[in-house]
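Here is the structure we will look at.
Remember, it's a predicted structure, so these values are computed and weren't measured experimentally. Just the heavy atoms: all of them, side chains too, but no hydrogens, waters or symmetry mates, feed the values below. Residue numbering restarts at 1 for every chain, and letters A, B, ... go by the order of the sequence lines.
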Amino acid sequence: MPELPEVETARKVLENALDREISAIDDTDHWVCRPHPPGEIAHALVGGRLTAAHRRGKTMWCETDTGHTLGVHLGMGGRVVVTNDQGERVGGGPERPDRQPRKPEWNRFTMVFADGGEFRLFDKRRLGRIRLDPSLDGVGPDAEHISPTEFRARISRTGTAAGGAGGVGRRSRTAVKARLLDQSVLAGVGNLLADEALWRAKINPAARADELDRKDLDRLYRNLEKSLKSAIANGGVHTGEVIEHRHPGGHCPRCGAEMRHGTVGGRSTWWCSREQA
DNA sequence: ACTCGTGTTAGCTG
DNA sequence: TCAGCTAACACGAG
């Protein structure tokens, strides 16, 4: 589930874990906690406190008073749960009835607080990640806060060795959707959000990034921001206007033409056969 | 039984 | 050296 809007929700949940003494940590899931051997994260953080919860794109990290930071990534389906001293969930609103149950065996990381509450990462597929002192070098500017000028530059131009991810190098011949999905170009856009923004902007996902003109790029920017705001306000990217039509036999909710399906940038992609031809 | 997937990344290729 | 693609990761859902 998680793209930028869902991760922002998770970050707010994580704020309920701040300023509480850490009394124990279960970091024994070697896959989710890689490359740290079991006990390493616990050794670094037990006795300290989390002091702030940050997010850039889909990457979250907590500051602590131990000299370390704690990186939290939800992967494809991770969920953050924080409980109070009564064991009750805090933050994140009421449980959604349609949501999958959180089986205990999907709990991949547990931080126990001295007050009896916990912070846990649930992730059935184990594609999420908990990491000590993560580097943010490969993470581009947050999609929600990037300026239109920087957006145009980074989508249509590659980076250089010195410049990092994008915006200052050669024209990028790759598909515009692949640029949107590249977290070093722009952080936070996932597969569904990319399809939604491109559909709203009426741009073919496979169009070469460097062949979009300024008008196209500005329209894409505006529609990406609208898609993001709408997803944050409505509770997730799955609430996008075109998302429910991403299936065989689906039709464009604007013009009624058939939706087409293919692979762009290595990901399953749906677009309107008429408006995004 | 078999394929796919709302994400990331190591490793390969040109 | 670097942009860009693919497989791998793990496991439930269709």
Side-chain angles (χ1 to χ4, degrees), chain A residues 1-10 29-35 55-60 71-79 98-103 105-108 121-131 134-140 143 154-199 205-206 208-210 227-228 231-232 234-240 242-248 261-270:
Chain A
M1 345 251 141
E3 298 191 29
L4 188 156
E6 288 81 359
V7 180
E8 175 57 20
T9 301
D29 189 305
H30 63 90
W31 182 252
V32 168
C33 296
R34 73 192 184 284
R55 176 190 64 77
R56 192 197 299 172
K58 303 176 226 180
T59 298
M60 293 182 283
V72 179
H73 200 291
L74 301 178
M76 196 97 90
R79 304 246 304 141
D98 58 305
R99 190 162 275 154
Q100 286 184 343
R102 281 187 301 271
K103 297 184 186 171
E105 60 267 32
W106 294 342
N107 187 26
R108 310 301 184 183
L121 176 68
F122 280 87
D123 182 9
K124 63 180 177 183
R125 293 181 61 185
R126 298 171 92 196
L127 293 174
R129 198 154 179 187
I130 299 280
R131 197 172 194 177
S135 165
L136 292 172
D137 289 351
V139 184
R154 297 181 73 94
I155 290 293
S156 58
R157 311 195 74 88
T158 65
T160 64
V168 292
R170 289 194 307 277
R171 295 158 65 94
S172 173
R173 303 161 55 84
T174 198
V176 58
K177 179 173 176 183
R179 296 299 285 172
L180 286 173
L181 292 175
D182 186 334
Q183 302 298 301
S184 65
V185 170
L186 184 68
V189 179
N191 199 33
L192 292 187
L193 205 45
D195 276 8
E196 174 78 10
L198 287 161
W199 173 80
R208 269 174 51 167
D210 64 351
S227 305
L228 272 169
I232 291 169
N234 297 321
V237 288
H238 60 279
T239 60
V242 80
I243 302 308
E244 60 181 299
H245 306 278
R246 290 173 89 259
H247 59 80
H261 181 246
T263 298
V264 179
R267 307 301 306 275
S268 179
T269 302
W270 294 82

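- In this structure, B:dT13 forms a base pair with C:dA3, meeting either the Watson-Crick or the G-U wobble geometry with both donor-acceptor distances under 3.5 Å.
- In this structure, A:Glu3 does not pair ionically with A:Lys58, as no charged nitrogen and carboxylate oxygen lie closer than 4.0 Å.
- Across all strands shown, B:dT6 forms no Watson-Crick or G-U wobble pair with both key distances under 3.5 Å.
- Along DNA chain B, the nucleotide nearest to A:Arg34 and the one nearest to A:Ser268 differ in position, and the one closer to the 5' end is contacted by A:Ser268.
- Here the nucleotide nearest the side chain of A:Leu192, chosen from B:dT6, B:dG7, C:dG12, is B:dT6.
- Judged by distance alone, the side chains of A:His261 and A:Thr269 never bring a donor and an acceptor atom under 3.5 Å apart.
- Rounded to whole Å, the P atom of B:dT3 lies 14 Å from the corresponding atom of C:dA7.
- A salt bridge is absent between A:Asp123 and A:Arg79: the closest approach of a Lys/Arg side-chain nitrogen to an acidic carboxylate oxygen does not fall below 4.0 angstrom.
- Side chain A:Arg267 to base B:dG5: no donor-acceptor pair is found below 3.5 Å.
- Of all nucleotides listed (C:dC11, C:dC9, B:dG7), C:dC11 comes nearest to the side chain of A:Arg108.
- One finds a side-chain N or O of A:His73 lying less than 4.0 angstrom from the OP1 or OP2 phosphate oxygen of B:dT8.
- Listed pair A:Lys58 / B:dT8 meets the phosphate criterion, a side-chain N or O lying under 4.0 Å from OP1 or OP2.
- Here the nucleotide nearest the side chain of A:Thr158, chosen from B:dT6, C:dG4, C:dG12, is C:dG4.
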